[in-house]
Amino acid sequence: FMYACYLLTGISFLSLLVTGIQGYFQFDIFGLPHLQFALLTSLVYLFTETLIIFFFVGTGVSVKEFTQMHCLPSDYHYRSIAIKRVIYPPTLLNIILVMVLFIIGGGVHTEVISTWVHALLFFIAWLHFGWTIVIQHRCFRDNTQIFYDLAKLNLESEI
């Protein structure tokens, strides 16, 4: 499941980049003009980021239930909560940036908003997404470490 998140994140990152280049140079991708490819990209992006958020919700619940079921200290659950406090703010901010970018794209298309505003927001959103990906990777790593620690603790108690 985590590998699917990584794969979809890579696809989203590259699709956003290609969408930005496509908007600048105005060429079709798979027969799709900029607006349609941007819609497809934003849908894949939103699905990916929602999947990542719910991955951490689900694993947090699993850690909490496992620690309660095996009468373990709640430190593991608190570590899980701490990870969510790190990952959620930049992920949600990036979702907002990309959605505003998409909405402003409609304003550019109807000539209500200047293209430079859209281009600047694209650059900010794309760079922020890169930074968010780094944070998400660290959180995936830390989250996996919790499960390794729980598995090790569980194995030691069985011996």
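The structure presented is a predicted model; accordingly, all values stated were derived computationally and were not measured.
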Scan the side chains in residues 114-121 for donor-acceptor partners under 3.5 Å anywhere in the protein, sequence neighbours excluded, and list what turns up.
residue	atom	partner	partner atom	Å
Ser114	OG	Trp116	N	3.4
Ser114	OG	Trp116	NE1	2.9
His118	ND1	Leu101	O	3.4

If you look only at distance, which donor and acceptor atoms sit under 3.5 Å apart when one is on a side chain in residues 72-79 and the other is two or more places apart or in another chain?
residue	atom	partner	partner atom	Å
Arg79	NH1	Asp149	OD2	3.0
Arg79	NH2	Asp149	OD2	2.9

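Every side chain to side chain contact (heavy atoms under 4.5 Å, CB included) that Leu46 has, sequence neighbours left out, goes to Ile95, Met99. The side chain to side chain donor-acceptor pair (under 3.5 Å) test applied to Thr59 returns Asn143, not counting sequence neighbours.
Side-chain contact between Ser15 and Val44: absent, with no pair of heavy atoms (C-beta onward) separated by less than 4.5 Å. Taking the side chain as every heavy atom from C-beta outward, Val57 and Tyr88 approach each other to under 4.5 Å. Contact of the Leu153 side chain with the His70 side chain is not registered, since no non-hydrogen atoms from C-beta on lie closer than 4.5 Å. No side-chain heavy atom of Phe140 sits under 4.5 Å from any side-chain heavy atom of Ile87.
The cluster map of Ile, Leu, Val, Met, Phe, Trp and Tyr, joined by side-chain heavy atoms under 4.5 Å apart, puts Val18 and Leu127 in the same cluster. Connection of Leu51 to Val98 is established within a shared hydrophobic cluster, with ILVMFWY side chains joined at heavy-atom distances below 4.5 Å, either directly or through further cluster members. No chain of hydrophobic side-chain contacts below 4.5 Å, direct or via other Ile, Leu, Val, Met, Phe, Trp or Tyr residues, connects Tyr6 to Ile135. In the hydrophobic clustering of this structure, Phe1 groups with Leu8; members are Ile, Leu, Val, Met, Phe, Trp, Tyr whose side-chain heavy atoms approach within less than 4.5 Å, directly or through other members. Val86 and Ile52 are members of different hydrophobic clusters when ILVMFWY side chains are connected at heavy-atom separations under 4.5 Å.
To the nearest 0.5 Å, atoms CD1 (Ile11) and OG1 (Thr48) are separated by 7.5 Å. Atoms CD1 and OG1, on Ile29 and Thr19 in that order, are 6.0 Å from each other to the nearest 0.5 Å. Taking CE of Met2 as the reference point, atom CZ of Arg141 lies at 11.5 Å (rounded to 0.5 Å). Taking OG1 from Thr132 and NE2 from His128, the interatomic distance works out to 4.0 Å, rounded to the nearest 0.5 Å. With rounding to the nearest 0.5 Å, the separation of CG in Leu16 from CD1 in Ile21 is 11.0 Å. From Leu43, atom CG reaches atom CG of Leu39 across 4.5 Å, with rounding to the nearest 0.5 Å.
The closest donor-acceptor contact from the side chain of Gln22 to the backbone of Leu32 lies under 3.5 Å.
Across all their heavy atoms, Ser80 and Gly60 have their closest contact at OG-CA, 3.2 Å.
The 12-atom threshold is exceeded at CD of Gln26, counting heavy atoms of other residues, nucleotides or ligands nearer than 6.0 Å. Counted within 6.0 Å of CZ on Arg85, heavy atoms from surrounding residues, nucleotides or ligands total 12 or fewer; the atom is thus considered open.
Residue pairs that meet the salt bridge (Lys or Arg N to Asp or Glu O under 4.0 Å) test with at least one member in residues 49-66, sequence neighbours left out, do not exist here. Listed by first and then second residue, the ring-ring contact (aromatic ring centres under 6.0 Å, His included) pairs involving residues 18-53 are Tyr45-Phe129 (not counting sequence neighbours).
Using the six-membered ring where Trp is involved, Trp126 and Phe122 have ring planes that are parallel, under 30° apart on the 30 and 60° scheme.
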